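For reference, the structure discussed in these notes is given below.
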Amino acid sequence: MGLSWARARRWAVALLILVGLWLAGLGPAAAIDPAEAFKQGLELFQKKRFDEALPLFEEAVADSGSPNARIYVARCLRELGRLDAAYEEMRLTVRDATRKAETEPKYEPTRDSAASELALLEPRVGRLVVTVVEPPEGTVVYVGGRELSVDQLGVPVAAMPGRVDVRAEALGFKPVERTADIEAGSTRTMTITFDEALPVDGERPGPGDEDVPTTGGEVRIAGYAVGAVGLVGVVVGAVLAGKAQADFDALTEECGGPCPASEQTRIDDGRSLTLGANIGLIGGSLVTAAGIAMIIFGGPDEIEASSEALFRWVPIAGPGTFGMGVTGSF
């Protein structure tokens with residue numbers, strides 16, 4: 001039985017290694033060359049597979065900062081209906097291409113195209129100016145779920161027409177939430193002030209964070225005791241098995257063949273040791289498994305507000321007695 005446990009453990013370790021290697025194979029592939037990413041993205045864009053082309057253009061921008069790649073990021077976002085993000089990317093394209101065109105004339109067409117496409121997007125989006133009064137440390141502002149960078153605070157940023165949710169967070173203060181109704185082509189302003197500090201620890205209990213009363217758990221506690229008893233049985237069985245094997249080897253060596261009747265007592269003792277070892281190993285393993293099951297499934301459980309448990313399991317231990325019982329109120 002001991003061998004089977006060791007074999008199972010080895011199989012478990014091997015399985016974990018295989019799973020780890022498999023997951024490693026699913027990791028991000030090696031980054032492709034920005035020029036190759038742009039080429040692949042352009043092929044997908046021409047096939048109107050904008051959702052597939054977008055990450056390739058974004059990768060090209062992240063690796064090269066090229067306005068030629070960024071303008072296609074903006075175009076993909078526009079075709080996907082994300083007009084607010086498309087507007088911001090097109091604005092950045094105009095900025096970057098204008099700077100580069102001062103020394104590299106090849107970016108002039110990109111600058112001019114981005115400027116004209118930005119003008120066409122202008123009446124299709126609204127703009128919101130979010131100003132934070134004396135922003136505390138760690139201030140973060142989200143407009144429509146999109147995080148604003150530091151340089152976007154206090155300046156107009158694009159927003160989808162309609163109701164826009166704004167959330168501002170800062171270390172040590174309660175989050176501030178606002179809404180704004182924005183019309184296409186219009187500009188709204190919003191001023192945010194953090195005035196309600198959080199408790200000293202800087203945290204407030206969120207939904208589901210409150211302490212929930214529980215009941216039960218006694219089965220789990222008893223499971224530890226049952227598991228310990230099972231492990232003792234396994235250890236005792238292993239010791240007896242080792243002693244039986246040692247006695248068998250010694251008797252075999254002394255007899256050199258079938259043992260005479262005078263050695264019958266030693267043979268019987270060996271059989272008794274083997275029986276005890278089997279009982280310890282098998283019984284201990286079963287008891288250990290039962291203990292593990294009790295630990296896993298033994299609670300505790302949350303108490304329902306509308307009722308109380310009428311009965312519960314409790315461990316019973318005493319001289320020559322060990323088990324579980326039921327107690328309760330009626």
Side-chain angles (χ1 to χ4, degrees), residues 54 57-58 61-62 65 67 69-102 110-207 209:
L54 177 59
F57 289 131
E58 289 176 333
V61 171
R70 189 181 293 278
I71 194 173
Y72 276 97
V73 170
R75 288 168 176 170
C76 286
L77 291 169
R78 180 190 62 201
E79 297 302 323
L80 292 172
R82 296 164 58 182
L83 300 182
D84 52 345
Y87 182 94
E88 293 299 326
E89 289 295 331
M90 199 66 76
R91 181 182 63 82
L92 293 175
T93 301
V94 173
R95 182 199 66 182
D96 296 345
T98 300
R99 292 175 181 174
K100 287 183 174 292
E102 294 176 358
T110 302
R111 176 200 61 194
D112 297 341
S113 295
S116 61
E117 292 181 50
L118 182 65
L120 293 175
L121 283 170
E122 188 87 28
R124 301 177 63 186
V125 299
R127 290 190 291 177
L128 178 65
V129 180
V130 180
T131 302
V132 181
V133 178
E134 298 181 355
E137 179 184 359
T139 297
V140 181
V141 177
Y142 300 90
V143 174
R146 180 163 52 94
E147 181 179 347
L148 302 186
S149 59
V150 176
D151 60 354
Q152 289 179 307
L153 295 178
V155 299
V157 295
M160 294 295 290
R163 182 187 178 113
V164 178
D165 295 323
V166 179
R167 178 181 175 89
E169 302 175 355
L171 295 177
F173 290 87
K174 179 182 178 181
V176 177
E177 296 183 349
R178 298 282 190 272
T179 58
D181 292 322
I182 301 179
E183 297 179 0
S186 67
T187 300
R188 293 286 305 275
T189 60
M190 178 180 294
T191 301
I192 293 178
T193 303
F194 290 96
D195 53 10
E196 185 173 351
L198 290 171
V200 177
D201 61 6
E203 296 182 357
R204 286 178 178 268
D209 292 341

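If you're wondering where the values come from, they're calculated on a predicted model, not measured in any experiment.
Across all non-hydrogen atoms, the minimal contact from V164 to G144 is CG1-N, 3.9 Å. Among all heavy-atom pairs drawn from R163 and T179, the shortest one is NH2-CG2, 3.4 Å. T139 and A170 make their closest contact through OG1-CB, 3.8 Å (heavy atoms, listed as atom of the first residue, atom of the second, distance). Summarising the geometry of A86 relative to A74, their closest heavy-atom pair is CB-O, 3.4 Å, with the distance given to 0.1 Å. The two atoms that bring R178 and V176 nearest to each other are NH1-CG1, 3.2 Å, heavy atoms only. Among all heavy-atom pairs drawn from I71 and S113, the shortest one is CD1-CB, 4.2 Å.
Under the side-chain hydrogen bond (donor to acceptor under 3.5 Å, both in side chains) criterion, D151 pairs with S149, not counting sequence neighbours. Residues passing the side-chain contact (heavy atoms from CB on, under 4.5 Å) test with V140, sequence neighbours excluded: Y142, E147. Judged as a ring pair (Phe, Tyr, Trp, His ring centres under 6.0 Å), and not counting sequence neighbours, Y87 has no contacts. For V133, the side-chain contact (heavy atoms from CB on, under 4.5 Å) criterion is met by T191, T193, not counting sequence neighbours.
Taking CG of L77 as the start and CD of E89 as the end, the distance is 6.5 Å to the nearest 0.5 Å. The OG1 atom of T189 sits 8.0 Å away from atom CG of L128, with the distance rounded to the nearest 0.5 Å. Here the straight-line distance linking atom CZ of F173 with atom CD of E137 works out to 10.5 Å at 0.5 Å rounding.
Here side chain to side chain donor-acceptor pair (under 3.5 Å) pairs that include residues 90-100, with residues two or more places apart or in two chains, are R70-D96, E88-R91. For residues 111-121, the salt bridge (Lys or Arg N to Asp or Glu O under 4.0 Å) pairs, not counting sequence neighbours, are R75-E117, R78-E117.
V73 has its side chain within reach of L54: a pair of non-hydrogen atoms, C-beta onward, lies under 4.5 Å apart. Looking only at side-chain heavy atoms (C-beta outward), L83 and M160 come within less than 4.5 Å of each other.
Taking 4.0 Å as the cut-off between side-chain N and carboxylate O, E122 and R127 count as a salt-bridged pair.
Between Y72 and F57, the ring planes are parallel. Angles under 30° get that label, and only those over 60° would be called perpendicular.
Within a 6.0 Å sphere centred on CZ of R124, other residues, nucleotides and ligands contribute 12 heavy atoms or fewer.
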